[in-house]
Q: 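Pasting in a structure now, in structure tokens, and then I'll have a few things to ask.
The chain is numbered in sequence order, starting from 1. Every value quoted in this text rests on a predicted model; they were computed, and no experiment measured them.
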Amino acid sequence: PARPLCCSSSGCEATVVVPAVCTYTALRAMASYLVKTAHFATGHTDNALTHALEHAVSRRCLSSSAIVRAAIPSSAKRSSSSSSSTSSSSSASSPPPASSNRVVLPAFHSTPDYASFLSELSANRQPSAIRSLQKYMSDPGMISLGGGMPNPRGFPISALSFQLQCGHVIRLTPGELAIALQYSATEGLTRLVSWINELQQAEHQPPRPIKVCVTNGSQEALTRAFDMLLSKGDSMLIESPTYSGTLAALVPMGLNLVTVATDNNGLVPQDLANTLASWPANKPKPRVLYTIPTAGNPTGATQTLERKKAVYAIAQQHNLLILEDDPYYYLQFSPSRVPSLQSLDVDGRVLRFDSFSKVMSSGMRLGFVSGPEELISRIVLHGQVTTLHASGVGQMIATRILEHWGLPGFYTQVRAVCDLYKHQCEAFLASADKHLTGLAEWNRNISGGMFAWLRLVNIPNSQKLITERAVKEKVLFVPGMAFYPPTCGPSSYVRASFSISTPAGMDEALSRLARLLREPEK
């Protein structure tokens, strides 16, 4: 568009300016954006507006230099009783997604020039000639003498079934088993990708079209993204502290890791803004921000919606891409989840990383990345020369479970898992109050996830205490230094996980830690 699509919350007047040359796909994207913007701003979308825009697009009536103005009529603003009735009837079939908390979208700024963000290695990647044949394999009548696919008659597995905790038994059909045991598309099994797309649209309502790629856990997707966007010597913005697994991937790359402060509400936008505003003029600015916005590892902190909006606005101002690493998104204890950065992404500058590890199985090693097609396609090219694709067996098992649940069943599972971790967290915090008061400090209002971040009083460096003395006392924590770049020095912090230990076990573990903190080192 010649200028931003916009929608003000008062009056909800939406405007789109169409350039002289505009493709059908672009017209559809504009119309979709206009409708979604009105929906986010008011909580309702007028059917007449939707139908008019669809009709205009189909007839290509959004013509050269035309300005289309549409206002939501007052009749569309349903009474609260009508709205409540509609809401309750819809929730009976499917629990409301996070985006039921209406989000006023940011103003469109600009679509990033994705090619300018690519590392030289990623820019040079070309599609695999063999992998490119995969999409034709299921065509009726196709005879393949191309790809080197093993003959399935040599596979020893003839049947596969499994039982859910509810007692329901799922048996793969012969056709499903054949797909599960054979090579498949790097993007993921078609049915699983379709289900994930449905989930992303329902949960995050992304303002722009997105693509999905299934990976061997979300961490594989992250390392592919790092490979795609970063080269030796580049500066990258990360939270302080941040996930040790991410640091393990980034530190050997020879990057300048620029830390941004966090507190009990996650990344501090003002510190991010100050860092970028004071960046030396003779040095290339960072182009990528890595953040764990929900129940962060190691801090357990969750960014508020207001902070996410501020972070996104800063990313727009400084032309950043955001890597939204969100494996704990579905472990928010409140039924009303904080909307994601992807739900605000009007420009197309967010790559979102999700995981099934916490709500289905960590051993299945299934995660997925979603975002702009231009970036997802490069991540797929990386997969074509490394792992080829995530486990077909794991993908098919997940597909059958998710299709059995549907979105309502998935949200029911999410709620059950959240309740489990909430009880675990409450037990941990009770024991921490009992044993560590005066000896440590921590966030007493953890709102999700599986971690607590403890600052040990009068212990400037927790490393030896945790890796030596605590191990001798048969209790395990992770010292704080593991969550900072090597240049940051010692830390008085300790990460504790309340995910799998029993309440009695957690109580005993914190009792042992308290004893160590009271005893002088020998």
Q: On a heavy-atom basis, which atom in M481 and which in G489 lie closest, and how many Å separate them?
A: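 It is CG-O, 3.6 Å.
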Q: So, E441 side chain and L456 main chain: donor-acceptor pair closer than 3.5 Å or not?
A: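 No, because the side chain of E441 does not come within donor-acceptor range (under 3.5 Å) of the backbone of L456.
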Q: With the side chain counted from C-beta on, respond yes when P327 and K358 share a heavy-atom pair under 4.5 Å apart, and no when they do not.
A: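 P327 reaches K358 side chain to side chain.
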Q: Counting only N and O atoms by type, is there a donor-acceptor contact under 3.5 Å from the side chain of K308 to the main-chain atoms of P339?
A: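 Yes, because the side chain of K308 sits within donor-acceptor range (under 3.5 Å) of the backbone of P339.
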Q: Is D227 paired with R125 through a side-chain N to carboxylate O contact shorter than 4.0 Å?
A: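 Salt bridge flag = yes for D227 with R125.
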Q: Taking the side chain as C-beta and beyond, is there a heavy-atom pair between L375 and M228 under 4.5 Å?
A: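 Yes, close enough: below the 4.5 Å cut-off.
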Q: Short question: side chain of Q332, backbone of T294 - any donor-acceptor pair under 3.5 Å?
A: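 No, Q332 side chain to T294 backbone: no donor-acceptor pair under 3.5 Å.
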Q: Measure across N216 and A390 and return the closest heavy-atom pair with its distance rounded to 0.1 Å.
A: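 For N216 versus A390, the nearest heavy atoms are OD1-CA, 3.5 Å.
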Q: Quick one: closest heavy-atom pair of L517 and L436, and the distance?
A: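 That would be CD1-CD2, 4.2 Å.
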Q: Going from CG on L237 to CG on L257, what distance comes out if it is rounded to the nearest 0.5 angstrom?
A: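 Output value for this atom pair is 10.0 Å.
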Q: Keeping H389 on the side-chain end and S184 on the backbone end, is there a donor-acceptor pair under 3.5 Å?
A: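 Checked: pair present.
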Q: Do W405 and Y411 make the cut of ring centroids closer than 6.0 angstrom?
A: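 Ring centres of Y411 and W405 not closer than 6.0 Å.
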Q: Between R378 and E374, does at least one N-O distance fall below 4.0 Å, as a salt bridge requires?
A: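 No.
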Q: Does the separation of the ring centres of Y312 and H109 fall below 6.0 angstrom?
A: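 No.
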Q: Take Q303 and N265 through the side chain to side chain donor-acceptor pair (under 3.5 Å) test and state the conclusion after the steps.
A: CA-CA 5 Å; Q303 290 177 27; N265 290 313; over 6 Å; no
Q: Are R365 and S357 packed together at the side-chain level, in the sense that at least one heavy-atom pair is separated by less than 4.5 angstrom?
A: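 Yes - at least one pair of side-chain heavy atoms lies under 4.5 Å apart.
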Q: In this structure, is the centre-to-centre distance between the rings of F356 and F368 below 6.0 Å?
A: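 Judged by ring-centre distance (under 6.0 Å), F368 and F356 do meet the cut-off.
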Q: Atom CG in L267, atom CG in L289: separation rounded to 0.5 Å?
A: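 Going from CG on L267 over to CG on L289, the span is 6.0 Å.
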Q: Are the side chains of Q384 and L388 in contact, using a 4.5 Å heavy-atom criterion?
A: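 L388 does not reach Q384 side chain to side chain.
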Q: Counting only N and O atoms by type, is there a donor-acceptor contact under 3.5 Å from the side chain of S278 to the main-chain atoms of N274?
A: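 It does hold such a pair.
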Q: For a side-chain contact (heavy atoms from CB on, under 4.5 Å) with S340, tell me which candidate from H204, Q205, Q200 qualifies.
A: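 Option passing the side-chain contact (heavy atoms from CB on, under 4.5 Å) with S340: H204.
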Q: Assess whether a salt bridge exists between D234 and K285, defined as any Lys/Arg side-chain N lying under 4.0 Å from an Asp/Glu carboxylate O.
A: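 The answer is no: the pair does not qualify as a salt bridge.
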Q: Under 30°, 30 to 60°, or over 60°: which ring-plane class applies to W453 and F483, parallel, tilted or perpendicular?
A: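 Correct class here is perpendicular.
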Q: Under a 4.0 Å N-O cut-off, is there an ion pair linking E203 with R337?
A: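 So E203 pairs with R337 through a salt bridge.
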Q: List the steps, then state whether side chain to side chain donor-acceptor pair (under 3.5 Å) holds for D325 with Y290.
A: CA-CA 7 Å; D325 185 12; Y290 170 78; 2.5 Å; yes
Q: Between I397 and M364, is there a side-chain heavy-atom distance shorter than 4.5 Å?
A: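 The answer is yes; the side chains approach within 4.5 Å.
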Q: Please state whether the rings of Y328 and F451 are parallel, tilted or perpendicular, taking 30° and 60° as the class boundaries.
A: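 Geometry flag for F451 against Y328: perpendicular rings.
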Q: Is it the case that over 12 heavy atoms from other parts of the model lie below 6.0 angstrom from the CD atom of Q163?
A: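 Enclosed: over 12 neighbouring heavy atoms sit under 6.0 Å from CD of Q163.
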Q: Rounded to the nearest 0.5 Å, how far does CZ of R455 lie from CG of N443?
A: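 Between N443 CG and R455 CZ, I get 14.0 Å after rounding to 0.5 Å.
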Q: Might you point out which heavy atoms bring P372 and G348 nearest each other, and give the distance in Å?
A: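 Shortest heavy-atom separation between P372 and G348 comes out as CG-O, 3.4 Å.
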Q: Testing the basics here: between S240 and Y484, what is the closest heavy-atom pair and its distance to 0.1 Å?
A: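 Closest heavy-atom pair between S240 and Y484: OG-CE2, 3.3 Å.
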Q: Hey, could you give me the CG/OH distance between L229 and Y114, rounded to the nearest 0.5 Å?
A: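 Reported value, rounded in 0.5 Å steps: 11.5 Å.
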Q: Tell me whether S119 contacts the main-chain N or O of S122 through its side chain, where contact means a donor paired with an acceptor under 3.5 Å.
A: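 Yes; judged by distance alone, with no hydrogens or angles, the pair exists.
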Q: When you measure from the side chain of Q316 to the backbone N and O of A107, does any donor-acceptor pair fall under 3.5 Å?
A: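 Flag set: sc Q316 to bb A107 pair under 3.5 Å.
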Q: Salt bridge or not for E473 and R512, using N-O below 4.0 Å?
A: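 Salt bridge: no.
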Q: Identify the heavy atoms of T399 and R191 that sit nearest to each other, and give their distance.
A: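 Heavy atoms only, the tightest pair is CG2-CB, 3.8 Å.
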Q: S336 vs S334, test: side chain to side chain donor-acceptor pair (under 3.5 Å). Steps then yes/no.
A: CA-CA 5 Å; S336 180; S334 170; 5.1 Å; no
Q: Do V471 and L476 touch side chain to side chain, with heavy atoms closer than 4.5 Å?
A: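 A side-chain contact under 4.5 Å exists here.
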Q: Please check if the side chain of S511 supplies one atom and the backbone of D507 the other of a donor-acceptor pair under 3.5 Å.
A: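 Side chain of S511 to backbone of D507: no pair is present.
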Q: To the closest 0.5 Å, what do you measure between CZ (R287) and CG (L321)?
A: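 Rounded to the nearest 0.5 Å, the CZ-CG separation comes out at 8.0 Å.
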Q: Would you say R400 and H404 make side-chain contact, with heavy atoms under 4.5 Å?
A: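 The answer is no; the side chains never approach within 4.5 Å.
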Q: Any carboxylate oxygen within less than 4.0 angstrom of a Lys/Arg side-chain nitrogen, looking at R349 and D345?
A: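 No salt bridge links R349 with D345.
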Q: Is it the case that the side chain of S370 and the backbone of I210 share a donor-acceptor pair, with hydrogens and angles ignored and the cut-off at 3.5 Å?
A: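 Such a contact is absent between S370 side chain and I210 backbone.
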Q: Quick check on E426: does its CD atom have over 12 non-hydrogen neighbours (other residues, nucleotides or ligands) under 6.0 Å away?
A: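 Correct, the count exceeds 12.
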Q: Any cation-pi pair here, R352 with Y329, using under 6.0 Å and within 45°?
A: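 Judged by the rule (NZ or CZ under 6.0 Å from the ring centre, within 45° of its axis), R352 counts as positioned above Y329.
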Q: Any chance you could lay out the side chain to side chain donor-acceptor pair (under 3.5 Å) test for E220 and T387, step after step, and finish with the verdict?
A: CA-CA 9 Å; E220 188 203 9; T387 55; 2.7 Å; yes
Q: Measure the CG-OG distance between N297 and S244 for me, rounded to the nearest 0.5 Å.
A: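 Separation between the atoms: 6.5 Å.
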Q: Is the backbone of T190 close enough, under 3.5 Å, to the side chain of S194 for a donor and an acceptor to pair up by distance?
A: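 Not a single qualifying donor-acceptor pair exists.
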